[in-house]
Amino acid sequence: MKTVVISVGGSAINPKTVDAKFLDKLKTVILKASKKNKIVICTGGGFIARDYIRALKNKSNYVQDVMGIHCTRLNAMLIASHISKCNQEIPTTLEEIKDLLASLNIVVCGGLRPGTTSDGTTASIADYLNADYMINMTNVKGLYTKDPRKYKDAKFIGKLSHKEFKEIIDKVKEKPGQHFVLDQLAAKICRQAKIKVAIFKGTNNLQKFLENKKFDGTIIF
Ligand code: UTP
């Protein structure tokens, strides 16, 4: 039995309104995979988090982060309610997640503490649980040599080492709110803990990955 920790971006759950098809497919894929794997899903806050944080722009980063975490937990509750065969209250600590995972094969959570993102939290959970994989389900196919929206000659990278990934990430200046396929903190945690990371888009790729089939995305080993 493998342990897999999945970061599900808020933009996949709710691009503008809740994506019911995405929720249905996610549920089907996760329920099937949970027969052979322990799965933790950590949800992002998406545009709701950005919107609510914007309304608190004059407040401290701490206050903004706490609001962001509540938004991630709203998405976590949505997924947990939809899946049913998992926790029905959202855990708020690493210890609680581990305890829940002892009796359940699926645990859903949102952010845990201020000062990070759901990617960083997903990596911390993967580290704490000694997970086999961290998966980042995002809204891009995976890693490119350059930003594919800006550069036509950007090449897709299907497989690379943590060391090679660090060299690329070091070149990307991480500004608050800037999106990259995996944030620096998450990359550092997984590199140090030697956790393999898979990055891809969509539930079809999630299914392929969990069934050990060839998927369309990037793997960092
Ligand atoms: P997200 O992780 O959702 O930000 O957290 P994101 O990068 O916009 O992710 P997507 O779009 O869902 O993929 C939203 C905000 O909540 C706070 C941070 O302020 C973050 O920017 N947060 C989240 C935390 O402080 N800690 C956490 O563990 C998670």
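First listed ligand is number 1; within each ligand, the first listed atom is number 1. Values below: all heavy atoms of this structure, side chains included; hydrogens, waters and symmetry mates excluded.
Any N or O atom pair closer than 3.5 Å counts here, and Asp119 shares no such pair with ligand 1. Geometrically, ligand 1 and Arg50 share a nitrogen or oxygen pair separated by less than 3.5 Å. At least one N/O-N/O distance between Leu112 and ligand 1 falls below 3.5 Å. Polar contact with ligand 1: present for Gly45 (N/O pair, distance under 3.5 Å). For a threshold of 3.5 Å applied to N or O pairs, the pair formed by Ser118 and ligand 1 contains at least one separation below that value. Between Thr121 and ligand 1, an N or O atom pair is found at a separation short of 3.5 Å. An N or O contact shorter than 3.5 Å is missing between Ala49 and ligand 1 by distance.
Taking the side chain as every heavy atom from C-beta outward, Ile220 and Cys190 never approach each other to under 4.5 Å. Put simply, the side chain of Ile125 does not reach to within 4.5 Å of the side chain of Met134, judged on heavy atoms.
Counting heavy atoms of neighbouring residues, nucleotides and ligands inside a 6.0 Å radius, atom OH of Tyr52 does not exceed 12 of them. Summarising the local packing, NZ of Lys27 is surrounded by more than 12 heavy atoms from other residues, nucleotides or ligands at distances under 6.0 Å. The local environment of OH in Tyr151 is sparse, with at most 12 non-hydrogen atoms from other residues, nucleotides or ligands closer than 6.0 Å. Other residues, nucleotides and ligands contribute only 12 or fewer heavy atoms inside 6.0 Å of the NZ atom of Lys85.
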Side-chain donor-acceptor distances from residues 86-94 under 3.5 Å, at least two apart:
{"residue": "Asn87", "atom": "OD1", "partner": "Val108", "partner atom": "N", "Å": "2.8"}
{"residue": "Asn87", "atom": "ND2", "partner": "Glu89", "partner atom": "O", "Å": "3.0"}
{"residue": "Asn87", "atom": "ND2", "partner": "Val108", "partner atom": "O", "Å": "2.8"}
{"residue": "Gln88", "atom": "NE2", "partner": "Ala80", "partner atom": "O", "Å": "2.9"}
{"residue": "Gln88", "atom": "NE2", "partner": "Ser84", "partner atom": "O", "Å": "3.2"}
{"residue": "Gln88", "atom": "NE2", "partner": "Cys86", "partner atom": "O", "Å": "3.3"}
{"residue": "Thr92", "atom": "OG1", "partner": "Glu96", "partner atom": "OE2", "Å": "3.0"}
{"residue": "Thr93", "atom": "OG1", "partner": "Glu96", "partner atom": "N", "Å": "3.1"}
{"residue": "Thr93", "atom": "OG1", "partner": "Glu96", "partner atom": "OE2", "Å": "3.4"}

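Interface atoms of ligand 1 facing Gly68, defined by a heavy-atom separation under 4.0 Å, are 15 (C), 16 (O), 17 (C). Residue-ligand proximity, Gly44 to ligand 1, at heavy-atom distances under 4.0 Å covers atoms 3 (O), 12 (O). The atoms of ligand 1 that sit less than 4.0 Å from any heavy atom of Gly46 are 3 (O), 10 (P), 11 (O), 12 (O). Shown in contact with Thr116 at under 4.0 Å from a heavy atom are these atoms of ligand 1, numbered in order with element: 17 (C), 18 (C), 20 (C), 22 (N), 23 (C), 24 (C), 25 (O), 26 (N), 27 (C), 28 (O). Under a 4.0 Å criterion applied to the non-hydrogen atoms of Gly10, ligand 1 contributes the atoms 10 (P), 12 (O), 13 (O). Residue Gly115 has at least one heavy-atom neighbour below 4.0 Å for each of these atoms of ligand 1: 25 (O). Ligand-side atoms of ligand 1 in range of Gly111: 27 (C), 28 (O), 29 (C), range being under 4.0 angstrom from any heavy atom. The atoms of ligand 1 that sit less than 4.0 Å from any heavy atom of Pro114 are 25 (O).
Within the 4.0 Å heavy-atom cutoff, Met67 does not count among the residues contacting ligand 1.
In this structure, Phe209 has its ring center under 6.0 Å from that of Tyr133.
Between the His162 side chain and the Ile195 main chain, a donor and an acceptor come within less than 3.5 Å of each other.
Applying the side chain to side chain donor-acceptor pair (under 3.5 Å) test to residues at least two apart or on different chains, the pairs with a partner in residues 53-70 are Asp51-Arg54.
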